Structures are given as structure tokens and as C-alpha cells.
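Reading through the C-alpha cells given below for one structure.
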Number of protein chains: 2
Amino acid sequence: MATGRTHRPATRSRGIPEATVARLPLYLRALTGLSERSVPTVSSEELAAAAGVNSAKLRKDFSYLGSYGTRGVGYDVEYLVYQISRELGLTQDWPVVIVGIGNLGAALANYGGFASRGFRVAALIDADPEMAGKQIAGITVQHSDDMERIISDNGVSIGVITTPPGVAQQVCDRLVAAGITSILNFAPTVLTVPDGVDVRKVDLSIELQILAFHEQRKAGEEAAATDGAGPVAAVRGESADKGPDGDVPAVMPA
Amino acid sequence: MATGRTHRPATRSRGIPEATVARLPLYLRALTGLSERSVPTVSSEELAAAAGVNSAKLRKDFSYLGSYGTRGVGYDVEYLVYQISRELGLTQDWPVVIVGIGNLGAALANYGGFASRGFRVAALIDADPEMAGKQIAGITVQHSDDMERIISDNGVSIGVITTPPGVAQQVCDRLVAAGITSILNFAPTVLTVPDGVDVRKVDLSIELQILAFHEQRKAGEEAAATDGAGPVAAVRGESADKGPDGDVPAVMPA
DNA sequence: CCATCTTTGTGCACGCGTTCACAAAGACAT
DNA sequence: ATGTCTTTGTGAACGCGTGCACAAAGATGG
Ligand SMILES: NC(=O)c1ccc[n+]([C@@H]2O[C@H](COP(=O)([O-])OP(=O)(O)OC[C@H]3O[C@@H](n4cnc5c(N)ncnc54)[C@H](O)[C@@H]3O)[C@@H](O)[C@H]2O)c1
Ligand SMILES: NC(=O)c1ccc[n+]([C@@H]2O[C@H](COP(=O)([O-])OP(=O)(O)OC[C@H]3O[C@@H](n4cnc5c(N)ncnc54)[C@H](O)[C@@H]3O)[C@@H](O)[C@H]2O)c1
């Protein structure tokens, strides 16, 4: 914690919009793909298509980082990869601890996509004595008792919670007390944290429920359409704000 | 840009804002907890606290569903649970298929939180012949060859993709061709789908990178504060997040 | 050096989402 | 019935994010 309530209205220059920050990893992924295929430069239009966003949005996003493009040509792929990596803080290695090594925690530990992005699984922690000592993805699971020491010794600031929801808040509290300032929470729980600590959540159930909502609406529309009633209603067609190349329109499997 | 046409502001009443839809599951979870403890009614203030949102926002969200509260008292828990469930389409059962039964797919299959929310894992599908026939969470893994039949026979409209990124698009195409109209994608790939198909993605790497960005900023601020001789103050107020929620949806429509 | 062509960077307008603040609605006591 | 008290439902203001449209910048060719 510490960080006293800085209610500053942003210092003007370094204020990158949150929405932009959330898209930078997307651009970075697309750029990495181009880099691997040795593509030297890319236009905003092409890159936007690869990232699945609007080209104007992409240009505006990049404008927050600086003027890294060349008019008439585009962006230098390697240079942009570096700039975005630096902006996201990926030029350094981030040690991460995963707490709760069950189905999900083990899957994450086994995931190779971590290291390739500058994240290193520094430790796996579980409260079950049976788990302690077991090897998962080449890493030995350690017991919760040593949580504070593990975090301190490894200088970890990012923690992933994959414990049952009932204990997520207390695990969170302990992580924060031990020095963690960023948490990725997979447990379906609202975590309360002190100021200065970031929490992001991934909730599978919520995602499915959102899909179900739209699915139901689609079914309703369809019923209203085939049911004989006029095509009057036709609730808005928003739905998936599809990719850049709005290709292949209507298939409409009515 | 979206679909281009359809500038309709929703057919009047049934136009629930996307941001509201994304919060309904959150309210539902909080309400379910209250219901289990036999709490009869709850005020917007209390429920908002439990869901980790602003009470005004919650009231406005509910106002889109109708006037289900009683002034001076609050909301009837059971009634609200029913109304939100109905709105989200959870009064019916949604069969779901998971494609790609590796680390992550298996973890999801083992997850019990599905059924409790009205989702039923109808089938597990994998391209590996070795996997076919194996039992996971009491469900027999089936081979990709039968994908179309499986989806058709079970009337599945929601699919979860947990295959390697390289094959995600083709798996997606096949799912869509087979009748799937909602997809939850865990592979780090931008999926292109025809109009009328919803895609939501969950990308762990992106989440971590966003955390890293804020983490780096926090470290920079701290250094500038304690070091005193910071070259460029680059401070940017906007401490972590506002409320205890830390909004910003983890996924975005593709 | 000038003309043309391509693509960036951004001013501007618009729409969505959030938050405030308060009148209206109902419960409850007298 | 009447008054008081609590809490909802929402009008309105505001801020953020998005997308359009275009001038400026630079590359390229003559
Ligand atoms: N498995 C999934 O696909 C999935 C999907 C969405 C959400 N989730 C959520 O993720 C979390 C984990 O799910 P899971 O299926 O892996 O559960 P799990 O039961 O398989 O694993 C939980 C692990 O946490 C450990 N644990 C329990 N209390 C602990 C504590 N106090 N400190 C440290 N470790 C502790 C347990 O020993 C166990 O190993 C749950 O909250 C679940 O709701 C899981
Ligand atoms: N494991 C994680 O924690 C994690 C985290 C974030 C993202 N992801 C992403 O999720 C996906 C799956 O990760 P994983 O660790 O489970 O990988 P994995 O290799 O363990 O599993 C992939 C599975 O997909 C199957 N498969 C391959 N091609 C297929 C096809 N055409 N049709 C059907 N099935 C096919 C494979 O047989 C395998 O069983 C990957 O895209 C990965 O990037 C995983």
C-alpha cells in the first residue's frame, strides 16, 4: 500500500487511456507474428486487420506512445515491438506466483505462453500438505506457510489466485500483506484490496452468461421472424462487432 | 463500424446496454449468496457493496429490467434472482461443447461451476485419436470427426475453444458451419466469424501484460518519490483503480 | 527541385456509460 | 389520515472512447 491517495488528474503527458493499454498486448501479438515472418514494415491498415480493430483507433492508440510511424510508409515492425514492450514493462522479467494448485492452477502452471511474454512462474503455492513437494511443470509446489518468504525472496509483485472462492479473500489479504501489488483472480469472488493494488478478474461463468443472454435474444428474434409475425420487431443487430474486414456477411442460418 | 446499417436505437424497451448485461451475472452471484442465507430483501446500497459496484449504477442497471424494487424497502431477493436469471436466459439449460481437451480444456471440463449456472457440458471434442474414448469428469472425449453430428444431435449453440492458437480459426469455422452461434475463445488468436455469431475471448497473457503495465508505473512512481532525483517525473495519478471492483472487462467482443 | 502519391497523426463530433442529485413512491408510526 | 422516513427510479451533466475526415509529412519518381 503506502501510496497515499494521489488524486492527481494525470500529469498530462504520460496518460495512456486504459482502453488503449488493454489493446497494446493485442498489437504486440500481431507484431510478433509479423516479426517472425521477417516483415519489415506494416501499415496501420494491415496491422489493424491483424489485430481485429479499426485502423483509426490503432493510429490513435499509437499516437499516445509517440510518433513512431513514417507517413507514406507505415510502422517499423521491430521498432514498434520494442516500444510497446517497453511501454508495457515487458523488457523486464516478472516473477509470478500461483496460489491454489488444483485443476486450473495446474493448467496455468503447465502453460507455456507465460515465459514467452516475459512472465516467469516463480512459485506454486497450495494449502494442501499433500500437494507440497509435488512437481508440476518442473516446479515444486510449496506450502502456504512459506508464502511470505517465497514472495519476499523472489521479489514477486504479481499473484494469481486459483483457490476455491471461499478462501480467495483471505488468500488475497495475505498476498497483499506479503507485498503483492497486482492480482489476477480466477475465483468467482469480489476481492477487496487496499489502494494501490490492482485486481483483474477472469470469470468463466460470467462470460458464458453473457453469451447466453445474446443467444437467447437471437433465438427470440428468430422465433419472432419465423413465427409468422412480421419482421417488424427486429431487435437491433449489434451482436458481434466483427473484425476489420467485415467479410462474408449474412449467412444467417435461419 | 459494426454491421453498417441498422442505426436503430434498439426496439425501445428491450435495449439493455451491453455494460449492464456484463454486470447482471455479478448481481446474480451476490443475490444467490443472499438467497442461500435466506435474506428476504436487500437495498441497492447493500447489494451494490456485495457486487463491488456503485449503488446508483446498480439501480440504473435494474431500471432497464423494469421496476422490481419497493421504495423505502429495497428489492425482494428471490424475485430478483428469478428476473435476472430469466433475462440472462438461465431458466433454460445451455448445452456446451469444449473443443481441445488439453491442460485447459480438461480443467474446464472438471469445473463444477458450470452446472450450477445452467450450463451443461454436452461433449468434449479433441482431434487427437489418443484422447478419443478417454473419460474426463465422467464425460467421454469424442473425436473431431464427429463434431457436426455431436453439435446437431445435442442442439448445441455455445462452443468453447481451448485448442492451440494455430488451429483455432479452422476449429471456429467448423463450429460455426455446424450451427454454433456463440463462442468462448481461450486461444490467443483473433477469430473472424460471420455476422450473427458472438465471440468472447479470455486471454490470460493480455491480463498479465495489463497488470505489468500498471506495476511498472507504480514502480516508477515510487522510485521518483523515494529517489527524489527522478529524471522525468512521469507520475500519473490515477492510482490503481477506483472502487474495489477494478472493472474493465477481461474480454472484448471480437 | 517539384509533383504526386501514400499513409500517418489528430481535431472534432458523437454516442455510450457513469455518477450525481432529487423528486416521487411507498412503508410505517401516530 | 397525515406526517415522517427510507429508498427507489431517473433526468441531466459529464467524461471517456470511438470513428470520421482531412491536413500535414514524407517517400518516390521524373
Ligand atoms: N477449473 C476451472 O475451469 C475453473 C473455471 C472458472 C473458475 N474457476 C475457479 O478457479 C478456482 C479454482 O478452480 P479449480 O477447479 O482449480 O479448483 P480445485 O479445487 O481443483 O483447486 C483448488 C486448489 O486450491 C487449494 N487451496 C484451497 N485453499 C487454499 C488456501 N487457503 N491457500 C492455498 N491454496 C488453497 C486446494 O488445495 C486446491 O488444490 C475456483 O475458485 C473456481 O471457481 C475454475
Ligand atoms: N493452459 C493454460 O493455462 C492456458 C492459458 C491461457 C491460454 N491458453 C490457451 O489455451 C489453449 C489450450 O491450452 P492448453 O495448455 O490446454 O494446450 P494443450 O496443448 O494442452 O491442449 C490442446 C488440445 O487441443 C487439441 N487439439 C489440437 N488441434 C485440435 C483440433 N484441430 N481440433 C480439436 N482439438 C485439437 C490437442 O489434441 C490438445 O489436446 C491454447 O491456445 C493456449 O494458448 C492456455
Side-chain angles (χ1 to χ4, degrees), chain A residues 7 9-10 12-13 15-24 26-27 40-49 51-77 79-80 83 236 238 241-244 246, chain B residues 1-10 13 15-24 26-27 40-49 51-77 79-80 83 236-238 241-243 245-249 252-253:
Chain A
H7 232 356
R12 189 72 57 170
S13 73
I16 300 179
E18 191 59 32
T20 294
V21 173
R23 279 188 295 268
L24 290 182
L26 219 53
Y27 302 144
T41 62
V42 65
S43 71
S44 64
E45 205 69 51
E46 295 168 322
L47 185 55
V53 302
N54 181 291
S55 71
K57 193 187 294 185
L58 177 143
R59 287 198 299 277
K60 178 146 294 191
D61 283 341
F62 286 174
S63 78
Y64 293 116
L65 308 183
S67 290
Y68 295 146
T70 304
R71 296 175 191 228
V73 176
Y75 300 91
D76 182 279
V77 173
Y79 186 59
L80 205 45
Q83 288 299 341
R236 70 175 188 169
E238 206 266 288
D241 174 0
K242 40 190 327 321
Chain B
M1 36 158 68
T3 51
R5 48 99 169 81
T6 334
H7 197 35
R8 180 144 310 191
S13 84
I16 300 180
E18 191 59 32
T20 295
V21 173
R23 279 188 295 267
L24 290 182
L26 219 53
Y27 301 144
T41 62
V42 64
S43 71
S44 64
E45 205 70 50
E46 295 167 321
L47 185 54
V53 303
N54 181 293
S55 71
K57 192 186 293 185
L58 177 143
R59 286 198 301 276
K60 177 141 291 192
D61 283 341
F62 285 175
S63 77
Y64 292 117
L65 308 183
S67 289
Y68 296 146
T70 305
R71 298 176 190 227
V73 176
Y75 299 91
D76 182 280
V77 174
Y79 186 59
L80 205 46
Q83 288 299 341
R236 207 252 162 175
E238 219 286 288
D241 263 307
K242 31 282 178 188
D245 58 343
D247 241 314
V248 187
M252 306 166 70

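Computed from a predicted structure; not experimentally measured. So that the names make sense, note that chain A is the first sequence line, chain B the second, and so on, each numbered from 1.
Axis angle, first five pairs versus last five pairs of the helix from C:dC1-D:dG30 to C:dT30-D:dA1: 10°, rounded to 10°.
Closest to the side chain of A:R59, out of C:dT10, D:dT8, C:dT19, is C:dT10. Of the candidates C:dT19, D:dT8, C:dG9, C:dT19 carries the atom nearest the B:N54 side chain, counting heavy atoms from C-beta on. Listed candidates were D:dG17, C:dT10, D:dT10. Nearest to the side chain of A:A19 is D:dG17. Here C:dC20 is the nucleotide among D:dG9, C:dC20, D:dG17 with the atom lying nearest to any side-chain atom of B:A56. Comparing D:dC20, C:dT18, C:dG9 by their closest approach to the side chain of B:R23 singles out C:dT18. Closest to the B:K57 side chain, of the nucleotides C:dT8, D:dG19, C:dT19, is C:dT19.
Using a 4.0 Å heavy-atom distance criterion, A:Y75 is classed as a sugar-phosphate-only contact.
Phosphate proximity of C:dC16 to B:Y64: absent, as no side-chain N or O sits under 4.0 Å from OP1 or OP2.
The residue among B:E45 and B:K60 whose nearest nucleotide of DNA chain D is located toward the 5' end is B:E45.
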_Base contacts versus sugar-phosphate-only contacts with protein, heavy atoms under 4.0 Å: please encode nucleotides 25-30 of chain C as B, S and - from 5' to 3'._
BSS---
Side-chain atoms of residues 69-77 of chain B: list all donor-acceptor pairs with protein atoms under 3.5 Å, sequence neighbours left out, distances to 0.1 Å.
from, atom 1, to, atom 2, distance (Å)
B:D76, OD1, B:E78, N, 3.3
B:D76, OD1, B:Y79, N, 2.9

